[in-house]
Amino acid sequence: MKYNPPLIEKKWQKKWNDLNIFKAKIDYNKPKYYVLEMFPYPSGSIHMGHVRNYTLGDLIARYKRAQGFNVLHPMGWDAFGLPAENAAIENKTLPSKWTYSNIQVMKNQLKQMGLSYDWEREFATCSPDYYKFEQKMFLDFYKAGIAYKKETVVNWDPVEQTVLANEQVVDGRGWRSGVEVEKKKMKGWFLKISDFAEDLLNEIDNLNEWPDRVKVMQRNWIGKSRGATLNFSINNSKDIIKIFTTRPDTIFGATFIAISPEHQLSLEISENDNKAKEFLKFCEKQSNKEVDLEKGDKFGYETGLTVSHPLKKGVNLKIYIANFVLMDYGTGAIFGCPAHDQRDYDFAKKYSLEIISVIENDDILPYTGDGLHINSDFLDGLNTQQAIGVSIQELRKLGIGKETITYRIRDWGVSRQRYWGCPIPIVFCQSCGEVPVPENQLPICLPEDINFNLKGNPLVSHPTWKNTKCPKCNDNAFRETDTFDTFFESSWYFARFTDLNPSKAFTNEAFKYWMPVDQYIGGVEHAVMHLLYSRFFMRALKFVKTIDLKEPFNSLQTQGMVCHQTFKTEKEKWLFPDQVTKENDKFFHIDTKEKVIAGRIEKMSKSKKNVVDPQQIIQTYGADTARFFMLSDSPPNRDMEWSISGIEGSWRFLNKLWNFVNSLEIQETNKKLPDNLSQLHKELLAGLNTTIKEVTKSIDNFHFNIAVASIRSLFNALSSYKILNNDDKSVILHSTKKLLILINPMVPHIAEALWENLDENNMIAIENWPSVDNTFEVNNKIKIPVQINGKMRAVIEVQKDLDKDNLEKIALEEENILKFLNKAPKKVIIIPNRIVNFVI
RNA sequence: GCGAGCGUGGCGGAAUGGUAGACGCACUGGACUUAAAAUCCAGAGUCCGAUAAGGACGUGGGGGUUCAAGUCCCCCCGCUCGUACCA
């Protein structure tokens, strides 16, 4: 009987399904375990990134089940988003139709992978049954003052008459129209994440099972900084400019003032100053991406206004409008100290402004480090920390400034000028203004009869949808046509999985039982936004008393990307891996035979064609082989390289496993370990025990590749063992069964099939994880390296825990040691069970 | 630009400060076969040496701490991710 993946995989998937093995139910007799992988956007078909993510999650789910946990392992669809609209325009279809048909396809593909989901909890976020709850949440936020409207700047495509996402802006131009993108001011809805910044920051310290790098990134994103606000009075005017600085100690080095183009003062100036107006227009054309702002050239406009330096009598500083000053951070105005800030330095050089050094240093300017202050009056001789304190004190005394804490994090703009998202439940009335939709009128559903041939947002151009009556005065009114950012849906979906209650977003009992998610797994690209928004969302829901939980994810693991070698023809055309053949270490096009250049190993991407379709892999090798390779290659948090030889190696191993287990003869008398174990038996069982320990530890630590290596080692020991008698058979059978339980979470179909072939009645899916049994530890001999000056010269085999004196004595009997030990050692370092080192 | 991470044989990767390269892939030799594939057995970091014994070198580069550094510290280089309207 040959290993036939399609046959056994279908069979066991059906059995799991028919017997409802993975259905999750509240059970207070068992500890619960909620394992969740980031749900996918239904883009069309699954890719290797999904395969990796869901294989990792499924391994954990099956492992925890075997350990006796009551496991919740759900799956759903992050179904709103831009690609559906693009597809709708391109293929003349509806976003809903496109999305739901993609879900169909992808669900089938996931099912073929044999993932142990409770499919009864599946949902798509684009269904009103889901999004109606977030309309209610938004209303709660609105009433609690967490949601508010303010002006925001968006990318505007004047030809398409539409707002563009950052990714739709290519080199400053609209991706479809190709015309220069403008910045446009619009009103949009925001959530006050900044109100929760302090708590979001503090609680990071308690996220013990999150990767440090994610925590550091979130801390930096929140960006708490202590500094000072300080007022400069504008000469010949009653007005003042309030600036924020983290370095009030450098005040004596200030040589100019710069304000954001969006600053109130900039707008006032531009009203009577055409050149200023032009400059603001120019700034509007610039990208509003953080990268471009920081990397781009610094431009300024000299307003002609000056302020007087508050601490240097008679010194005036020019006010510039500058493109690198952000309105969203601090007060939208800074003082420039070119000697000690890179951006200020660049700006000062460009506009020939004075550069005054106020911190002693030997480096070239700008110098941003610590040091003793000079040219700074009462700050002279102080270091940075001291000078910051003293300068703030002085500013307070003068009544022109004070210590201020600011955060880099900006409020979350949740408005999107798009059709395929959750409608925002607000109505605009001529007389009543903005009015929240009463809860009994929810959900506000998206219209299906839309026309993507018209310009702009189909919700705006729809003939009737936005027309409604004001809930307050019943006069004619308009609906909000913005929809939510899709991060809105993904900020609470994990809690919705705990119960699909049709009338409430969450059922108290289920929420309390299952939440928080014990193990969350997903791409590292979500390190900040999705994960921070979700943390915020829980707090916001707690604030409006919907739930009582702050942190949604107890343990987090981030996975790396799946990469593949790239191939190009000599004419620089990308090729798919299956268009390339290898002969004598050289690559050729499989049809045309032309030379192919093998490029770098890069993240799989459609544009570079270095993709492998999981569907094809599963068809050729089966899901188990794909899963096994995913786990055996790299540790999950690192990038992995997909390769044909790698997948074939996994395929070979599963075949070997299949043939080996099926070659075992099963008799009743073999089902128990023999009473008297030989030395070889003991060694084998000790090896088994080591593997159980190692696999358990490796899975707990998310080092699945080590777990795989360890299982392979055990398999090598079992399959090379010469079976001579009945006792041998019993020991091998015993060990093989344990091996199957260990490997089951990785390759569940073949494990079930072999388990059945071993005459077992229960499914391996419900077997208990093997426990560690140290009684077989027989190895009391240990190998210890002997070094001379830290260089390995010999290895001695000794009793475990042998004392220092004996270790030294035995080491000195080694020929190679004597050879190198040509004089008396200055020092001998001996650590029992570890090392002997002679220093000469 | 800023923030974060990563860098070990031909390749993926192992390694509580203590034998660098576990496990696998690719490779080489052998067995089986009319032959190939598959499978099985054996070998292998590089260099010197005889294909041995043994030795030198070796974890992106440079410096440092230590009896001992892939691991800790400093500087540099390269690549990847995020950067707020992609998900």
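Just so it is clear, the model here is predicted, and its values are computed rather than measured. Order of the sequence lines sets the chain letters (A, B, ...), proteins ahead of strands, with each chain counted from 1.
- Set against B:A14, B:C11, B:A84, the side chain of A:Asn705 has B:A14 as its closest nucleotide.
- You'll find the ring centres of A:Phe715 and A:Phe653 inside the 6.0 Å limit.
- Across all strands shown, nothing is found opposite B:A20 as a Watson-Crick or G-U wobble partner with both distances under 3.5 Å.
- For B:C2, the paired base is B:G82 (Watson-Crick or G-U wobble, both distances below 3.5 Å).
- Nucleic acid contact for A:Leu82: sugar-phosphate only, since backbone atoms but no base atoms lie under 4.0 Å from a heavy atom of the residue.
- Atom pair A:Arg219:CZ and B:G3:P shows a separation of 16 Å (rounding to whole Å applied).
- When the side-chain nitrogen and oxygen atoms of A:Arg638 are compared with OP1 and OP2 of B:G7, one or more of them lie within a distance under 4.0 Å.
- Within 4.0 Å (heavy atoms only), A:His526 reaches at least one base atom of the nucleic acid.
- Mapping A:Phe820 and A:Ser710 onto RNA chain B by nearest heavy atom places A:Ser710 at the nucleotide closer to the 5' end.
- Using cut-offs of 30° and 60° for the angle between ring planes, the A:Tyr130 and A:Trp492 rings count as parallel.
- Atom P of nucleotide B:G82 and atom CD of A:Gln559 are separated by 13 Å, given to the nearest angstrom.
- Checking B:A84, B:A14, B:G12 against every side-chain atom of A:Met529, the shortest atom distance belongs to B:A84.
- Between A:Ile817 atom CD1 and B:U19 atom C1' there is a gap of 12 Å when expressed in whole angstrom units.
- Here A:Trp221 lies in heavy-atom contact (under 4.0 Å) with a base.
- Under the Watson-Crick or G-U wobble criterion, with both distances below 3.5 Å, B:A56 is paired with B:U46.
- Comparing the P positions of B:U8 and B:G62 gives a spacing of 16 Å, expressed to the nearest Å.
- To the nearest whole angstrom, the two C1' atoms, one in B:C79 and one in B:U28, are 33 Å apart.
- At a threshold of 4.0 angstrom between heavy atoms, the contacts of A:Asn637 with the nucleic acid are absent.
- Between B:A20 and B:A69, the distance separating the two P atoms is 11 Å to the nearest Å.
- Listed candidates were B:A84, B:U80, B:A87. Nearest to the side chain of A:Ile409 is B:A84.
- For B:G18, neither phosphate oxygen OP1 nor OP2 lies less than 4.0 angstrom from any side-chain nitrogen or oxygen of A:Asn837.
- Using the six-membered ring where Trp is involved, A:Tyr493 and A:Phe39 have ring planes that are parallel, under 30° apart on the 30 and 60° scheme.
- The phosphate of B:C85 has OP1 or OP2 within less than 4.0 Å of a side-chain N or O from A:Arg416.
- Between A:Asn86 and B:C86 there is no side-chain polar atom (N or O) within less than 4.0 angstrom of OP1 or OP2.
- Of the side-chain N and O atoms in A:Ser634, one or more sit less than 4.0 angstrom from OP1 or OP2 of B:G13.
- Distance A:Ile788 CD1 to B:G54 P: 15 Å, rounded to the nearest Å.
- For A:Phe488 and A:Phe537, the ring centers sit closer than 6.0 Å to each other.
- Checking B:G24, B:A4, B:U19 against every side-chain atom of A:Gln787, the shortest atom distance belongs to B:U19.
- Between A:Pro211 and A:Leu556, the closest side-chain pair of non-hydrogen atoms falls below 4.5 Å.
- Heavy atoms of A:Met561 sit under 4.0 angstrom from primed sugar atoms or phosphate atoms, though from no base atom.
- Taking the six-membered ring wherever Trp is involved, the centroid distance between the rings of A:Phe484 and A:Tyr131 does not fall below 6.0 Å.
- Side chain A:Gln417 to base B:C85: a donor-acceptor pair is found below 3.5 Å.
- Rounded to whole angstrom, the span from the CZ atom of A:Arg213 across to the C1' atom of B:A4 amounts to 8 Å.
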